[in-house]
There are 2 protein chains.
Amino acid sequence: MEDLPLAIEGEGRQRILAAAEKLFSDKAFDAVSMNAIAVQAGISKANIYHYFPNKDALYLAVLRDASHNLRTLLNDAVNAHGAVVDVLRHFARCHLQALLDRPELVRLVWREILEKGAPRAQEFAEQGFADVFSALVAVLETGQSRGELRVDFDPALVATLLLGANVFFFQSRDILRHYPPIIFADDPAGYDAGIVEILLRGLIPASSVDMASTR
Amino acid sequence: MEDLPLAIEGEGRQRILAAAEKLFSDKAFDAVSMNAIAVQAGISKANIYHYFPNKDALYLAVLRDASHNLRTLLNDAVNAHGAVVDVLRHFARCHLQALLDRPELVRLVWREILEKGAPRAQEFAEQGFADVFSALVAVLETGQSRGELRVDFDPALVATLLLGANVFFFQSRDILRHYPPIIFADDPAGYDAGIVEILLRGLIPASSVDMASTR
DNA sequence: CCGGATATTGACCGATTGGTCGGGTGTTGC
DNA sequence: GCAACACCCGACCAATCGGTCAATATCCGG
């Protein structure tokens, strides 16, 4: 019988991975049963064990996959050129958009980071982290060496600030949404634009900043 | 027998709650068995059901407790007076310190926020959120009305930025630690000082800021 | 010293868990 | 035409899960 003439490749394996990714991104490791994965994938539970030796291995494969995809996704967001401030704007925008585009991946990887008991695959998560982090730091250093940015701040600190703003926005979006004075919960582009603007110009009025020189 | 002459109050219940809090803060709901909680509390599993009708109720009680404690803990960090910029510095510092002082509470509540499948008690979490958020917004608005801060930015946005910076630091600390260019992973006070300084003064050199007036 | 409430327990329950096993389907190479 | 192979499944397993229950142990007011 050929009920569903789907893809030709290692099709079964991929189906399992997709099903597992979906379930694992919604609920924690122990909350997802092998049976549920089998049902979601439309196959028998025993069949999963034809492709993966045990549940941990399956979870690890899912995580490895997600981590890799997320990594390339985020790295793609970095590429830009022009004035450093524009690169910064573009970076923030694309980074956040990447997070919002694939929330399952982000949740999957981020849960792994937060979990204390079992560091199943923190290495993966940290890789992607280091990637995007160092890219951002490089941008900031360029800005400093070109004189477009102050030189008296730590680029790593600013990178943390910017990344944190995006991750926090991603995580708290639902909460932010029904908190009245917040108008940007559904406007990630506007959010990042505002964030970057504040970062660049600061909160203190220019008039009261101690200035050493004028243009 | 009086093996362990512990506290006198509703002592049994408290023991269970403490044990459950510890375990639930380390691992997810389904990963913590009632048996494990009983062992941790040094009592029998059946005894738990004398105080709590079922596992969900116990988890909810733990969460309610943690949420309440965290809430008051964070609210205490808000109280300060003086120049707005100083209040801001103090706020950031105390807020982060509060997070780091009771990591179990934070992890417990934050996991609840992130979990998609079962919004068991998002209300609790959101309460504490709104508290600290509105307090911070109030501070910023005061600063704006006093002329100490720019008026052309959204206070809610800055509040998100600052809170996000602290939460992100809390969450990613382990990763940040073994990433070479980061020197502030073990210096939360220095981190916040740097963050606030950047927020206040901005990244762009004062000389190239478009200034409307001089002091 | 007693009697009723409160604590506490071991033994037990049905359901579900991760995982195994033997045997069934194709399809492919010889 | 048949052996070898990857693929797939129903049935089964011991262990553990959340939860129940009847039976004790402990306490405290009269």
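Here the structure is a predicted model, which is why all the values come from computation and not from measurement. Below, chain A is the first sequence line, B the second, and so on; all start at residue 1.
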* B/Gln127/B/Asp131 under side chain to side chain donor-acceptor pair (under 3.5 Å): CA gap, chis, key distance, verdict -> CA-CA 6 Å; B/Gln127 280 175 10; B/Asp131 278 355; over 6 Å; no

* Asked: Which pair of heavy atoms, one from B/Leu105 and one from B/Glu21, lies closest together, and at what distance?
  ->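 Where B/Leu105 meets B/Glu21 most closely, the heavy atoms are CD2-OE2, 3.7 Å.
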
* Asked: Do you know the tightest heavy-atom contact between A/Leu161 and B/Ala165?
  -> CD1-CB, 3.4 Å

* Can you tell me how far CG of A/Asn35 sits from NZ of A/Lys45, rounded to the nearest 0.5 angstrom? -> 5.5 Å

* Asked: In residues 49-67 of chain A, which residues come under 4.0 Å of DNA chain D by heavy atom?
  ->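 Of all residues in residues 49-67 of chain A, the ones placing a heavy atom under 4.0 Å from DNA chain D are A/His50, A/Tyr51.
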
* To do: Look at the aromatic rings of A/Trp110 and B/Phe168 and report parallel, tilted or perpendicular, splitting at 30° and 60°.
  => parallel

* Full working for side chain to side chain contact (heavy atoms under 4.5 Å, CB included) between A/Phe133 and A/Val137 -> CA-CA 6 Å; A/Phe133 205 98; A/Val137 168; 3.8 Å; yes

Nearest-angstrom distance from the residue atom [atom1] of [X] to [atom2] of [N]:
X       : N      : atom1 : atom2 : value
A/Leu23 : C/dT17 : CG    : P     : 12 Å
B/Ile48 : D/dC21 : CD1   : C1'   : 17 Å
B/Met34 : C/dT9  : CE    : P     : 14 Å
B/Lys45 : C/dC12 : NZ    : P     : 14 Å
B/Asp30 : C/dT16 : CG    : C1'   : 12 Å
A/Arg15 : D/dA6  : CZ    : C1'   : 17 Å
A/Lys27 : C/dT17 : NZ    : P     : 9 Å
B/Gln14 : C/dA7  : CD    : P     : 13 Å

* Give B/Ser33 one of three labels, base, sugar-phosphate or nothing, depending on what nucleic acid heavy atoms sit under 4.0 Å from its own. => sugar-phosphate

* Report yes if a side-chain nitrogen or oxygen of A/Asn47 is closer than 4.0 Å to either non-bridging phosphate oxygen (OP1 or OP2) of D/dC9; otherwise report no. =>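 Answer is yes, contact under 4.0 Å.
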
